[in-house]
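Following: one structure in C-alpha cells, then a few remarks.
A note on names: the letters A, B, ... follow the listed sequences, proteins ahead of strands, and every chain is numbered from 1.
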Protein chains: 2
Amino acid sequence: MGSTKTQHFTSDQNQVAAYAKALAHPARIAILQHLLKKQNCICGDLVGELPLAQATVSQHLKELKAVGLIKGTVEGTSVCYCIDPQKWEEVRDIFMNLFSTPVACQDNCC
Amino acid sequence: MGSTKTQHFTSDQNQVAAYAKALAHPARIAILQHLLKKQNCICGDLVGELPLAQATVSQHLKELKAVGLIKGTVEGTSVCYCIDPQKWEEVRDIFMNLFSTPVACQDNCC
DNA sequence: CTATTCTATCGTAAAATTACGATGAAGCAG
DNA sequence: CTGCTTCATCGTAATTTTACGATAGAATAG
C-alpha cells in the first residue's frame, strides 16, 4: 500500500492528476510564476529567489521538466529554464475542460 | 525535513498549491467527475464506482471536503456529497488566473 | 592546467500520502 | 431492543514526497 492504484483509473483521470501533482507545491508555483514573468528566461538565479537549497530547487525543476511544463537549455556553465508554451496551453486546456463542466447538482440538491 | 516550507511562500502560491494537491490524485478526479455528472448528487455508491476500499474513498472525500470543493449532507443512514458550486468557480478562477498569464519567454528565447 | 562556478545527482532523514482492515457511531427495519 | 446498513475514524504498513549536505561533472576564468 501507499502507492496510487493508477491502473484502475482512466488515462484522462491520471493525466489531470499528474499535472495537478506537478502544481501541488508552492515552490513549483513560485518557479512557474517566475518563469512566466521574466522576459529573459532566468536560469540558476531561481535558487537565489527561493527559500530552498540548490539541490531542492533542482529537484523541483526536474519534476516540472518531467511533466513537460518547462524545458532547460544549457548555456555555458548555467542552464536556462523556460516554460514550454505549447505544453502550458495544453495543460490549461485540460484544467479548463475539467472546470468547464457544469455542476449538475445545484444548491437545492442536498 | 519532508515537510513543505509553507511559511516561506506567498499565500497565493500556497493556495494554488493546496487546490492542486486536492486534484493530484486520480481517485479524487474520478469523484469530482462523478459528482459533476450526476443530477441527483450520489452518496455512498461512490464506493461502488471506485476501485478502492470504503475507508480509502472516505479518506479522499475528506480531503476534498477539507479544501471546500465538496460538501456532505447526512440523509438518514447515508451521506449525500455535492460539489460546492461557489467554491468550484473560485478554484476554476484561481487556476485560470495562473494559466492566463502570458508566457513572456517564447520559442526564440532559449 | 588549476581554480571557480553552476547545476545535477546521490544518499539519507523526516514527513506526508495512499491504502486497507477493523472498529465505532448513527440511523433505520423488524 | 436487536440486527443491519452506511459511513467515519483509528491503527498500521508501504510508498512517495520534501529537503538538504555532499559530491560529481561540465564549462569558464585565470
Side-chain angles (χ1 to χ4, degrees), chain A residues 1-9 13-14 17-31 34-35 40-67 70-82 110, chain B residues 1-9 13-14 17-31 34-35 40-67 70-82 110:
Chain A
M1 296 138 212
S3 79
T4 299
K5 294 178 133 192
T6 309
Q7 337 90 36
H8 300 303
F9 298 99
Q13 289 159 349
N14 282 308
Y19 287 128
K21 190 180 274 185
L23 302 177
H25 194 288
R28 292 195 289 272
I29 298 295
I31 289 172
H34 207 86
L35 292 180
N40 62 328
C41 45
I42 18 65
C43 321
D45 46 26
L46 273 167
V47 176
E49 303 276 351
L50 296 173
L52 296 169
Q54 181 264 323
T56 309
V57 174
S58 192
Q59 209 169 293
H60 283 303
L61 288 168
K62 193 181 176 182
E63 284 178 69
L64 289 172
K65 205 160 58 175
V67 295
I70 66 172
K71 44 187 180 176
T73 316
V74 179
E75 282 188 353
T77 20
S78 56
V79 177
C80 171
Y81 280 103
C82 284
C110 288
Chain B
M1 296 137 212
S3 79
T4 299
K5 294 179 134 193
T6 310
Q7 337 89 36
H8 300 304
F9 299 99
Q13 289 159 350
N14 281 309
Y19 287 128
K21 190 179 274 184
L23 302 177
H25 195 287
R28 292 195 288 272
I29 298 295
I31 289 172
H34 207 85
L35 293 181
N40 62 329
C41 45
I42 19 65
C43 319
D45 45 27
L46 274 166
V47 177
E49 303 276 350
L50 296 173
L52 296 170
Q54 181 265 321
T56 310
V57 175
S58 191
Q59 209 168 294
H60 284 303
L61 287 167
K62 192 181 177 183
E63 283 178 69
L64 288 172
K65 205 160 60 175
V67 296
I70 67 173
K71 44 186 179 175
T73 315
V74 179
E75 282 188 355
T77 18
S78 57
V79 177
C80 170
Y81 280 103
C82 284
C110 288

Nearest 0.5 Å, please: how far is [atom2] in [Y] from [atom1] in [X]?
X: Ile31(A); Y: Gln13(B); atom1: CD1; atom2: CD; result: 10.0 Å
X: Leu64(A); Y: Leu23(A); atom1: CG; atom2: CG; result: 8.0 Å
X: Leu50(B); Y: Leu61(B); atom1: CG; atom2: CG; result: 8.5 Å
X: Asn14(B); Y: Thr4(B); atom1: CG; atom2: OG1; result: 8.5 Å
X: Lys5(A); Y: His25(B); atom1: NZ; atom2: NE2; result: 10.0 Å

Expressed as a whole number of angstroms, how long is the span from [X]:[atom1] to [N]:[atom2]?
X: Lys5(B); N: dA16(C); atom1: NZ; atom2: P; answer: 14 Å
X: Glu75(A); N: dT7(C); atom1: CD; atom2: C1'; answer: 14 Å
X: Glu63(A); N: dT7(C); atom1: CD; atom2: P; answer: 18 Å
X: Ile31(B); N: dT18(C); atom1: CD1; atom2: P; answer: 11 Å
X: Gln13(A); N: dT18(C); atom1: CD; atom2: P; answer: 15 Å
X: Leu50(A); N: dT18(D); atom1: CG; atom2: P; answer: 14 Å

Exercise. Cys82(A) versus Thr73(A): any side-chain heavy-atom pair under 4.5 Å?
Worked result: no

Problem set entry | salt bridge (Lys or Arg N to Asp or Glu O under 4.0 Å) pairs, two or more places apart, involving residues 42-51 of chain B |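 Sorted pair list comes back empty.
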
Seminar exercise, completed: Whether each nucleotide of nucleotides 5-12 of chain D has a protein heavy atom under 4.0 Å at its base (B), only at its sugar-phosphate (S) or at neither (-) is summarised, 5' to 3', as BSBBB---

Exercise. So, for Ile70(B) and Tyr81(B), which heavy atoms are closest and what is the spacing to 0.1 Å?
Worked result: CD1-CD2, 3.8 Å

For this session: Locate the shortest heavy-atom distance separating Val67(B) from Tyr19(B); write the atom from each residue and the value.
Result: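 Minimum heavy-atom separation between Val67(B) and Tyr19(B): O-CE2, 3.6 Å.
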
Problem set entry | Phosphate OP1/OP2 of dT17(C) contacted by His60(B) side-chain N/O (<4.0 Å) | no

Problem set entry | Strand-adjacent residues in residues 18-30 of chain B, judged by heavy atoms under 4.0 Å from DNA chain C | Lys21(B), His25(B), Arg28(B)

For this session: Would you mind listing every side-chain hydrogen bond (donor to acceptor under 3.5 Å, both in side chains) that reaches into residues 51-65 of chain B, with sequence neighbours excluded?
Result: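 Of all non-adjacent pairs touching residues 51-65 of chain B, those that pass side-chain hydrogen bond (donor to acceptor under 3.5 Å, both in side chains) are Arg28(B)-His60(B), Arg28(B)-Glu63(B).
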
Seminar exercise, completed: Axis-to-axis angle for the helix from dC1(C)-dG30(D) to dG30(C)-dC1(D), ends of five pairs each, to 10°, equals 10°

Exercise. Starting at the 5' end of DNA chain D and moving along, which residue's nearest nucleotide shows up first, Phe9(B) or Val74(A)?
Worked result: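 The residue mapped nearer the 5' terminus is Phe9(B).
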
Exercise. Who passes side-chain hydrogen bond (donor to acceptor under 3.5 Å, both in side chains) against His34(B), sequence neighbours left out?
Worked result: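 With sequence neighbours excluded, His34(B) shows a side-chain hydrogen bond (donor to acceptor under 3.5 Å, both in side chains) to no residue whatsoever.
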
